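Structure, as structure tokens:
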Amino acid sequence: MTRSTILWRGLAFVALLAIIALVFQSQSAAYLSSGNLRALARHMSVQGLAALGLTFVIVVRQYDLSFPGVASLGAMTLGWLIASGAPLSLAIAGGIGVGAAIGLVNGIAVARFRLPDIVTTIATGGVAIGLSYFYSNGTSISENFFMSGILDINDRRVLGLDQPFAILAGVALVAFVLLHATRFGHAFYATGENRVSARFSGVPVERYVLVAFALSGAGACLAITLLVASSGAANVTAGNQLLMPAFAAVYLGAALFGRPSVGATLAGTLLMSAMLNGFTLLAIPYYYSDAIVSTVLILAIAGFDPRITAVLGQPFRRTSEARP
Amino acid sequence: MTDFGQALGPAQARRRTDPRHVLTRYGFFVLLAVVFVTFALLRPAFASEANLNEMMRSAAIAGLMFLGLTWIIAAGEIDVSFMSVAALANMIVAVLVRDGAGWGTASLAGLGAGLLFGALNALLVGVMRLPALVITIATGALAASIAAALGLGTSISLSQTGFVGRILAANLGVVPLVALVVLAIYALAWWAQERLTFGHYIYALEQNRAAVVEAGVPVNRILVLLYLLSGSLSALAGILLAAALSSGQPYLGNSYFLDGLTAVLLGGMALKLGKPNVIGTLAGIFLLIGLLNGAALLGWTDSQRQIVRGSLLLVGVSLVVLSRRRNRT
């Protein structure tokens with residue numbers, strides 16, 4: 001992509017963001033206040049971490065539908081560990097570890113055993129939701145939360161930023177370096193673009209698909225850790241609201257910037273969070289905002305550059321091309 | 001979908017009488033029988049007339065909802081909006097009936113919504129060739145949020161179930177009338193799938209879409225037809241559910257999502273060795289309903305049954321892929 005097209009795409013993104021800000025600012029004077037912008041950044045932190053994990057899976061041209069269920073399981077694992085008195089760091093590691101483990105299971109099933117990604121991840125997500133009920137029979141867990149210090153994750157400030165946003169920034173930086181500044185990143189894209197030629201170029205494609213799924217599971221559980229820290233309780237339904245915004249963020253970003261990437265996902269997340277935060281501020285019920293989010297997703301996929309849609313449509317044509 | 005499609009070569013035809021293949025082909029029905037007999041022995045209430053009648057009625061409604069999905073997956077595409085379309089039709093009927101409209105008008109409106117969403121999916125996936133999964137996630141979420149908005153986030157209870165309720169309650173002996181109608185629809189669908197070129201195109205699409213396009217088959221038109229079918233039949237199921245539950249439930253879709261995929265994929269093992277087909281789907285529905293109903297009688301919790309559902313889906317997918325791979329060699 002040439003420098004000028006990046007400029008144009010960047011301008012289009014800024015224009016969209018400005019339109020969203022203008023619309024909401026005209027409806028509520030509090031939208032651009034520092035208090036609300038901080039709330040927006042918190043919202044973006046949760047959504048962004050889940051979307052960043054998903055980005056890797058989309059880059060290798062697979063789908064992960066299990067992460068909302070996995071995130072719920074991660075939340076309940078975290079809550080249960082805290083309630084039973086485990087140190088905070090162990091509890092957080094446990095929650096994220098569960099996510100990475102189920103991600104690995106997905107990766108092994110899809111990459112090693114060649115199971116179809118969509119149905120497999122729907123199934124593992126369903127099992128994860130079922131497992132999440134075992135800790136407390138489905139009731140929410142909040143014992144010991146105040147003493148454990150998990151609430152501080154939400155309240156602490158790092159370098160003048162709220163800690164959740166600082167975590168997102170840190171993770172995004174690591175993901176950016178991994179995906180766009182190392183040969184590993186090239187291997188992820190090569191695996192997605194043409195698996196056969198990537199394999200013949202010496203890329204262990206199975207391993208990259210596996211890692212992508214593990215990162216998706218871990219990202220979703222890290223995201224849910226922040227959500228649990230801000231709400232002060234772990235719920236079996238914690239992950240339910242992650243699916244649509246994460247897919248919308250990745251696809252909106254990819255449509256705007258020409259391909260899925262860390263920057264594109266962050267831009268997509270910012271647009272989605274700017275809208276969703278505005279709806280919350282105006283006290284619009286979730287079912288209206290859900291309708292708008294899904295409409296935006298449809299328009300983003302259908303309306304932008306047709307070449308992008310062709311590229312993103314590849315997973316469905318891959319079988320006929322990949323077969324020698 | 002990834003590796004679902006593997007052409008069945010002439011070797012396949014030769015092996016049709018191989019005992020191992022006969023076992024995989026019909027083993028599913030044996031499993032079905034074993035499940036039903038086991039539960040009937042463990043809990044006599046399972047085999048009571050009332051319970052069997054109720055299971056057949058639920059199976060009929062689920063059968064309507066999953067018929068379009070069966071062919072969509074058989075054609076190598078996906079639809080994850082079907083259950084939300086059913087929920088939307090369900091809520092439209094409930095709102096209209098609550099506000100004094102007749103069941104006829106309300107049902108037509110619900111069916112119209114199903115056709116509309118079917119047409120939307122058909123346009124975006126069939127004509128514009130956008131990725132089916134993400135598009136149907138989005139259209140499904142749109143339908144679900146409209147359904148929730150209609151009831152302002154809660155369910156709507158209905159005082160009377162009108163003629164739809166009477167049709168639903170009608171029985172011929174132990175068998176509900178609606179089950180017989182759905183059975184007839186499935187028989188017709190089996191005929192279309194096996195005897196018409198339409199059916200052959202569906203399976204050909206999944207194996208090699210490029211070749212089917214090159215052969216001059218109107219691929220777009222087939223996909224459009226499949227999504228329209230899925231939308232309208234799901235809406236029909238939603239309308240029946242409004243009478244069955246005598247209420248509008250905005251979130252009824254959740255419980256049908258895993259079940260639909262499981263019935264289609266697991267059922268694909270029956271008769272066609274891993275290819276989704278309508279008789280297989282019907283058998284898959286009965287297996288699921290039998291298992292879940294029996295497990296409830298044995299006192300299993302919802303979360304345990306959720307795990308059974310998810311695991312069954314995993315088993316189904318693995319079996320499909322395994323049997324396909326073996327047939328390829």
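Everything numeric in this text was worked out from a predicted model, so none of it was measured. All chains are named by letter (A, B, ...) in the order of the sequence lines, taking the proteins before the strands, and each is independently numbered beginning at 1.
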Residue, of [options], that accumulates the most heavy atom pairs under 4.5 Å with chain A:
options                         : answer
Arg309(B), Gln306(B), Arg305(B) : Gln306(B)
Ile146(B), Leu152(B), Thr301(B) : Leu152(B)
Ala149(B), Ala141(B), Gly153(B) : Ala149(B)

Taking the side chain as every heavy atom from C-beta outward, state whether Ile307(B) and Tyr133(A) have any pair of such atoms under 4.5 Å apart. no
Can you tell me how far apart [atom1] ([X]) and [atom2] ([Y]) are? Round to the nearest 0.5 Å.
X         : Y         : atom1 : atom2 : result
Leu133(B) : Ile118(A) : CG    : CD1   : 4.5 Å
Phe134(A) : Ser303(B) : CZ    : OG    : 5.0 Å
Leu261(B) : Leu65(A)  : CG    : CG    : 9.5 Å
Leu313(B) : Thr124(A) : CG    : OG1   : 9.0 Å
Ile301(A) : Leu124(B) : CD1   : CG    : 8.5 Å
Tyr251(A) : Ile135(B) : OH    : CD1   : 9.5 Å

For [X] and [Y], which heavy atoms make the closest approach, and how far apart are they?
X         : Y         : result
Met244(A) : Ile137(B) : SD-CG2, 3.5 Å
Ile298(A) : Ala138(B) : CG1-CB, 3.4 Å
Leu258(B) : Gly126(A) : CD1-CA, 4.0 Å

Does any backbone or side-chain atom of Thr139(B) lie under 4.5 Å from a heavy atom of chain A? Answer side chain, backbone, both or neither. both
Which atoms of Leu142(B) approach chain A - backbone, side chain, both or neither, heavy atom under 4.5 Å: both
Under the side chain to side chain donor-acceptor pair (under 3.5 Å) test, which residues partner Asn235(A), sequence neighbours left out? none
Taking heavy atoms only and a threshold strictly under 4.5 Å, list by residue number the residues of residues 284-294 of chain A that touch chain B; give 'none' if the list is empty. Tyr286(A), Tyr287(A), Tyr288(A), Asp290(A), Ala291(A), Ser294(A)
Partners meeting ring-ring contact (aromatic ring centres under 6.0 Å, His included) with Tyr227(B) (sequence neighbours left out): none
Top contributor to chain B contacts, counting heavy-atom pairs under 4.5 Å, from Leu297(A), Ile122(A), Thr120(A): Ile122(A)
Contacts of Arg112(A) meeting salt bridge (Lys or Arg N to Asp or Glu O under 4.0 Å) (sequence neighbours excluded), chain-then-number -> Glu206(A)
